> 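Let me begin by handing over the structure; questions about it come next.
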Amino acid sequence: MKLNKVLALALSGVMAVSMLAGCSGNSGNGGQNGEEQPPVDDTTIASVLNDEQADNDVKVNFTYSSSLETALQKTLSVVGNENETTVESYLINVLGIDDEVTMGEFCGRKSNTHGGNEVGEQTAVVVIRDQSGKTEDGVAKEMYNKLSGDLTNLDDEWLDTSVQEQIKWSFSYTGEVASVSIVEGTQTSTYVAVVVTCNTTKALAD
């Protein structure tokens, strides 16, 4: 009986060690041999983009998008470690966006005359690449710095008084963000992609 107990304990110990070894072998293998790294922390990126707008009246509420992350991974698997413009252009194709505009051309901008606004949606795509090893907080702030001028110029609504029956244009915005890091040799690049959609409606003013 004692021998059976000793054997049972020994077997349990071997199984426990095997399970621990298996777990450790599965973690941390992303990015080996040029594979994609796990994304920068999603909650942090979306939170920073939203928090940075706080003092300027939040126009775009950003959320992390797993589908955008998948599209960004697909893009990088084709174009590799490329510049922002190349990645952005290919990502637009992967997302199937036919009529992409820049943030500078976006509907609802205070700097626009609004004469070109049309009812419906406009979509803008922005990509940044960081190769300096910033934290997720730092990468998110870098993206905000690129967007900040355009975000602060977005309108909620605009009243067209140039016509006899005044028209109120209304603008609402949604934002998606995702990130992927890739390794090529000793070089690590973190890409952050943002997709902002503006929905435009119009109605007779009250």
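These numbers come from a predicted model, not from an experiment. The residues of the chain are indexed from 1 along the displayed sequence.
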> Is it the case that S189 and Q131 place a side-chain donor and acceptor less than 3.5 Å from each other?
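Yes, because at least one side-chain N or O of S189 sits under 3.5 Å from a partner of the opposite role on Q131.
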> Before giving the answer on side-chain contact (heavy atoms from CB on, under 4.5 Å), spell out for S179 and I45 the whole-Å C-alpha distance, their side-chain angles and the decisive distance to 0.1 Å.
CA-CA 9 Å; S179 65; I45 290 182; 3.6 Å; yes
> Apply side-chain contact (heavy atoms from CB on, under 4.5 Å) to the pair M143 and V126, showing each step before the final yes or no.
CA-CA 9 Å; M143 173 58 87; V126 179; 4.0 Å; yes
> Can you tell if the side chain of T123 reaches within under 4.5 Å of the side chain of D99, non-hydrogen atoms only?
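In short, these two side chains do not touch, never coming nearer than 4.5 Å.
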> Quick check: closest heavy atoms across V183 and G185, and the distance to 0.1 Å?
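Minimum heavy-atom separation between V183 and G185: CG1-O, 3.4 Å.
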> The test is side-chain contact (heavy atoms from CB on, under 4.5 Å); show your working for F62 and V48 and say whether it passes.
CA-CA 9 Å; F62 287 95; V48 169; over 6 Å; no
> Taking all non-hydrogen atoms of both residues into account, name the closest pair between V60 and Q53 and its distance.
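In terms of heavy atoms, the two residues are closest at O-NE2, 2.8 Å.
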> Taking the side chain as every heavy atom from C-beta outward, state whether V195 and S65 have any pair of such atoms under 4.5 Å apart.
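V195 vs S65: side chains apart.
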> Compare every heavy atom of A193 with every heavy atom of L68, then report the nearest pair and how far apart it is.
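What the structure gives for the nearest pair is CD2-O, 3.6 Å.
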> S77 side chain to K74 main-chain N or O, any donor-acceptor pair under 3.5 Å?
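Side chain of S77 to backbone of K74: a pair is present.
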> Under the side-chain contact (heavy atoms from CB on, under 4.5 Å) test against Y90, which residue among L95, T85, V79, L72 passes?
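Output: one option passes, namely V79.
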> Per the side-chain contact (heavy atoms from CB on, under 4.5 Å) rule, which among I128, V194, V192, V127 passes with K146?
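Answer to the side-chain contact (heavy atoms from CB on, under 4.5 Å) test with K146 among I128, V194, V192, V127: I128.
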> Which atom pair, heavy atoms only, marks the closest approach of V87 to T75?
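Result for this residue pair: O-CG2, 3.7 Å.
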> Are any side-chain N or O atoms of D130 and backbone N or O atoms of G133, one a donor and one an acceptor, separated by less than 3.5 Å?
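Yes, D130 side chain to G133 backbone: donor-acceptor pair under 3.5 Å.
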> Rounded at 0.5 Å granularity, tell me how far NZ in K141 sits from OG1 in T44.
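Taking NZ in K141 and OG1 in T44, the distance rounds to 11.0 Å.
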> In Å and rounded to the nearest 0.5 Å, what is the OG1 to CD distance from T200 to E157?
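Answer rounded to 0.5 Å: 12.5 Å.
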> First locate atom OG1 of T174, then atom CG of N61, and finally report the distance between them rounded to the nearest 0.5 Å.
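Interatomic distance, T174 OG1 to N61 CG, rounded to 0.5 Å: 9.0 Å.
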> Nearest 0.5 Å please: distance from the OG1 atom of T86 over to the CG atom of L91.
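Answer rounded to 0.5 Å: 12.0 Å.
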> Testing the basics here: between G80 and E184, what is the closest heavy-atom pair and its distance to 0.1 Å?
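For G80 versus E184, the nearest heavy atoms are CA-OE2, 4.0 Å.
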> Just how far is it from atom OG1 of T197 to atom CD1 of I97, taken to the nearest 0.5 Å?
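T197 atom OG1 to I97 atom CD1 measures 7.0 Å (nearest 0.5 Å).
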> Look at atom NZ of K134 and say whether more than 12 heavy atoms of other residues, nucleotides or ligands are closer to it than 6.0 Å.
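Yes.
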> Hydrogens and angles aside, do N81 and Y191 bring a side-chain donor and acceptor to less than 3.5 Å of each other?
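Side-chain D/A pair, N81 to Y191: present.
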> Below 4.5 Å, heavy atoms only, C-beta onward: do L151 and Y144 meet side chain to side chain?
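A side-chain contact under 4.5 Å exists here.
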> Has E84 got a side-chain atom pairing as donor or acceptor with R129's backbone, closer than 3.5 angstrom?
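A pair under 3.5 Å: yes.
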> Could you check K59 against F171 for side-chain contact (heavy atoms from CB on, under 4.5 Å), going step by step and ending with a plain yes or no?
CA-CA 10 Å; K59 299 294 185 183; F171 312 101; over 6 Å; no
> Which pair of non-hydrogen atoms, one from A205 and one from L159, has the smallest distance, and what is that distance?
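Looking at all heavy atoms of both residues, the closest pair is CB-CD1, 3.6 Å.
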> Rounded to the nearest 0.5 Å, what separates atom CD in E176 from atom CG in L49?
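Reported to 0.5 Å precision, the distance equals 12.5 Å.
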